[in-house]
Every structure is written in structure tokens, then in C-alpha cells.
Amino acid sequence: MKQIVVSGIRSTGRLHLGNYLGALRNFVQMQREYNCFFFIADLHSLTTHPTAADLHGSVRAVMAEYLAAGLDPKQCTLYVQSDVPETTELYLLLNMNAYLGELQRCTSFKDKIRKQPNNINAGLLTYPTLMAADILIHRANLVPVGKDQEQHLEMTRTFGLRFNRMYGTELFPEPQAYNPQSPLVKIPGLDGTGKMGKSEGNALYLSDSPEDIRKKVMRAVSDNTPKAPNEPKSEPVQNLFALLRAVSSSDTVEFFEDQYQACTIRYGDMKKQLAEDIIALTTPLREKIEMYLADDRLLSDVAAMGAEAARKSAKETLRLAKEAMGIRKL
Ligand code: ADP
Ligand code: TRP
């Protein structure tokens with residue numbers, strides 16, 4: 001039996017290079033080897049993006065981006081979270097044994113209530129139980145996620161093991177974080193510090209036009225040319241090199257490394273090359289995204305097919321979970 005893989009991305013806007021290189025590209029690689037379920041976490045996005053007007057467009061965009069990146073609905077199950085009501089039912093059941101203290105201690109909860117003090121909703125508090133439901137509903141073994149999701153995965157294991165213990169079952173396996181790339185890639189933003197993120201305003205989107213990419217990259221923060229050989233790189237310069245390593249050939253990286261060491265580097269030239277290499281990577285993706293976005297029929301067929309397959313797997317888990325909990329028909 002193939003191992004079961006589950007992962008999702010929230011529909012909070014278009015996907016950026018960090019999402020692609022840190023997550024999506026791994027999904028594509030895993031679909032051949034494992035029994036994969038990849039979904040669009042539209043319900044999760046309501047915890048921070050409650051505006052109805054944006055939701056549908058974002059879900060469509062992520063689906064088009066999944067397909068453009070190479071996820072193949074014949075090889076994996078691609079679905080929208082809200083199309084699988086069994087997930088939300090399991091979420092409710094798991095919430096009965098998820099404690100206020102552990103949910104409040106979760107780092108992502110603490111971060112988010114700091115960021116949105118006027119919208120500390122119950123969905124934000126129970127974000128980890130919904131994520132646990134996403135994973136446990138297919139009894140997943142592996143979950144490809146970045147480092148920022150490790151605590152959520154730890155909580156998923158806690159909830160699953162607690163369920164097994166409380167109800168005397170072995171229903172839920174212990175899912176592990178998985179990353180086919182080591183070390184984990186962290187794509188930096190263009191503003192000199194931190195990671196590329198949707199909400200950081202420093203992102204290069206897969207759907208950006210070549211002109212947008214050139215503009216954004218040329219504006220990226222850099223630094224003065226080093227004055228002495230082997231001078232340590234400042235953070236903005238390290239970030240430019242990290243992007244270069246992620247998208248350019250090793251010859252290109254070596255060329256600019258040598259120039260840096262020789263104190264002859266011109267960041268303008270490096271950024272020009274970086275922009276062209278990003279464009280070479282994203283152009284085929286952008287063209288496919290546009291093609292899929294223009295094909296409503298295909299998007300809805302893929303979602304319908306995915307929902308059917310995901311519900312089949314989910315129904316069986318939910319049935320067993322309810323049976324274990326003593327929920328039976330009269
Ligand atoms: P964002 O931070 O832009 O809101 P999400 O938190 O929705 O993105 O992340 C979706 C997926 O993309 C996750 O698996 C996450 O680990 C990955 N990811 C996001 N940003 C980056 C980045 N800068 N570098 C590498 N991976 C990233
Ligand atoms: N919390 C994840 C993120 O912000 C998205 C997500 C929701 C997820 N449910 C999941 C990831 C289940 C993996 C498995 O990136």
C-alpha cells in the first residue's frame with residue numbers, strides 16, 4: 001500500500017514564488033510516488049479573510065495554479081476543503097477533546113491575535129483542530145509542509161493519539177512532516193529582511209508579468225559593493241543570493257559569488273540576471289495559469305472529481321470515528 005499524503009494551501013490570494021518553491025513543487029514531485037490528497041483550504045482562509053467577495057476568485061486561482069504547476073488530477077486527488085463536509089464534521093468531533101489551554105498556547109494563534117486584535121474569532125482558536133481534521137480524515141502518514149507548520153502537525157498528532165487512547169482504537173496513524181528537499185528552502189522577500197509572504201507585500205507572484213517581475217526585482221533592497229575580499233554578506237545581499245540559488249543555474253551563482261569575493265560585484269547586473277531567470281521559471285507557469293483560469297468547465301470538473309474521491313476516503317474515516325465514539329443510529 002502506498003503511503004497517504006495530505007497537504008493544503010489557504011486560498012488567500014495568488015501564489016508566490018515561495019509557495020511554489022517551498023510547497024507546490026514538492027507536491028508535484030510526490031504525486032507519482034504516494035497516494036496524495038491536495039486541497040484548497042478555503043475554510044481556513046475565513047479565519048483571516050472573511051470577505052465573501054474575494055473567496056471564490058481565490059479558490060479558482062489556487063486551483064488553476066495547482067494545475068499549472070503540474071498537479072495532475074489523474075495522479076492525485078485535488079479538491080476544495082469546503083466540498084468535503086466530512087472534514088468539518090470530524091473537526092467538530094475533535095473539538096470536543098481539544099482543550100482551551102493548548103489551543104491558546106499555539107504560536108500561530110498568538111501571532112494572529114496580535115495581527116488582528118479586532119477579530120479574535122473561534123475559528124482562529126480552533127485553526128489547529130480543523131487542520132488536524134484535514135489530515136486525519138484521510139488517515140495521512142506524510143504531510144509536506146514548511147517549518148512554520150510543525151507545531152500544527154504536532155497538535156494533529158496529539159489530537160489523533162488522544163482520540164485513539166480515549167476510544168480504544170488505532171484509527172489514526174501519526175502523521176509526519178515531510179519535505180523531499182533538504183535543507184528546507186525558505187524563499188526571502190525582496191525587501192531585505194524576512195521571508196516572502198502574501199501578507200508581507202514583498203512577493204513575486206507566479207502570475208506576475210515579465211515587466212512586473214523586472215520592476216520588483218530591480219527595486220529589491222541590496223547594499224554597497226564589498227570593500228574587502230570575504231567580507232560577510234549583509235542580510236539583503238544574502239537574500240538576493242538565496243533567490244539566485246533558488247532559480248538560477250549553478251554557473252550563474254558561481255559567477256556572482258566570485259564577483260562578490262573579488263569586490264567587483266554590480267548588484268544591478270545581478271538583479272537583471274535574477275529577474276530574467278525568474279521570468280524563465282514563471283513564464284510557462286503564468287501561461288498555463290491563464291489557460292486554466294479561462295476554462296471554467298475544466299476547473300469545475302477537476303473540483304467535482306476531486307471532491308468525489310476525497311469524500312469516499314473521508315466518509316469511511318468518519319464512519320469509523322463515530323462508531324468508536326459511540327455515535328450510532330437509533
Ligand atoms: P504565505 O506565508 O504567503 O501566506 P502560506 O502560509 O499560505 O503562505 O503558505 C503556503 C505554503 O507555502 C506552506 O507550505 C508554506 O510553508 C510555503 N511557503 C510560504 N512562504 C514561503 C517561503 N517564503 N519560502 C518557502 N516556502 C514558503
Ligand atoms: N495551515 C496551512 C498553512 O497555513 C494550510 C493547511 C490547512 C494545511 N490544512 C492543512 C497544510 C492540512 C497541510 C495539511 O500553510
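We count ligands from 1, going down the list as the structure has it; atoms in each ligand are counted the same way. These values consider heavy atoms only, across backbone and side chains, with no hydrogens, waters or symmetry-generated copies.
Under the side chain to side chain donor-acceptor pair (under 3.5 Å) rule, Q149 has a single partner from K147, H152, Q151, which is H152. Checking E89, E86, E316 one by one against R311, the salt bridge (Lys or Arg N to Asp or Glu O under 4.0 Å) holds for a single residue, E86. With D42 as the fixed residue, the side chain to side chain donor-acceptor pair (under 3.5 Å) test singles out one of S11, S82, S58: S82.
Atom 23 (N) of ligand 1 has as its closest protein heavy atom I187 O, 2.8 Å. The shortest contact between atom 6 (O) of ligand 1 and any protein heavy atom is with D148 OD2, 4.3 Å. Here the heavy atom of the protein found nearest to atom 2 (O) of ligand 1 is K195 NZ, 3.0 Å. Scanning all protein heavy atoms for the shortest distance to atom 26 (N) of ligand 1 gives G18 O, 3.2 Å. Here the heavy atom of the protein found nearest to atom 1 (P) of ligand 1 is K198 N, 3.8 Å. Protein heavy atom nearest atom 10 (C) of ligand 1, with residue, atom name and distance: N19 ND2, 3.4 Å. Annotation: atom 13 (C) of ligand 1 to nearest protein heavy atom, A23 CB, 4.3 Å.
With salt bridges taken as basic N to acidic carboxylate O contacts below 4.0 Å, one links R319 and E323. Residues D296 and R60 are paired through a salt bridge, judged by an N-O separation under 4.0 Å between the basic side chain and the carboxylate. Taking a cutoff of 4.0 Å between a charged side-chain nitrogen and a carboxylate oxygen, E170 and R139 do not qualify as a salt bridge. A salt bridge links R14 to D208: at least one charged side-chain nitrogen sits closer than 4.0 Å to a carboxylate oxygen. Using a cut-off of 4.0 Å between Lys/Arg side-chain N and Asp/Glu carboxylate O, D301 and R297 are scored as salt-bridged.
Ring geometry, H16 versus Y205: the interplanar angle exceeds 60°, so the pair is classed perpendicular (tilted spans 30 to 60°).
For an aromatic pair to be called close, the ring centres must be under 6.0 Å apart, and F163 with Y167 satisfies this. Between Y79 and H138, the distance separating the two ring centers is shorter than 6.0 angstrom.
Annotation for ligand 1: atoms under 4.0 Å from non-hydrogen atoms of V185 are 25 (C). Short contacts between ligand 1 and G197, defined as distances under 4.0 Å to a heavy atom of the residue, involve ligand atoms 3 (O). Per-residue contacts place G22 under 4.0 angstrom from the following atoms of ligand 1 (heavy atoms of the residue considered): 25 (C), 26 (N). Set against the non-hydrogen atoms of G146, the atoms of ligand 1 under 4.0 Å away are 14 (O), 16 (O).
In terms of polar-atom proximity, P188 is not counted as a contact of ligand 1, lacking any N or O under 3.5 Å from an N or O of the ligand.
Taking a 4.0 Å cut-off on heavy atoms, H16 registers as neighbouring ligand 1.
Not counting sequence neighbours, E287 has no partner by the side chain to side chain donor-acceptor pair (under 3.5 Å) test.
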Pairs under 3.5 Å, nitrogen or oxygen of ligand 2 with protein nitrogen or oxygen:
{"residue": "ligand 2", "atom": "1 (N)", "partner": "Y127", "partner atom": "OH", "Å": "2.7"}
{"residue": "ligand 2", "atom": "1 (N)", "partner": "Q149", "partner atom": "OE1", "Å": "2.9"}
{"residue": "ligand 2", "atom": "4 (O)", "partner": "Y127", "partner atom": "OH", "Å": "3.2"}
{"residue": "ligand 2", "atom": "4 (O)", "partner": "Q149", "partner atom": "NE2", "Å": "3.3"}
{"residue": "ligand 2", "atom": "9 (N)", "partner": "D134", "partner atom": "OD2", "Å": "2.7"}

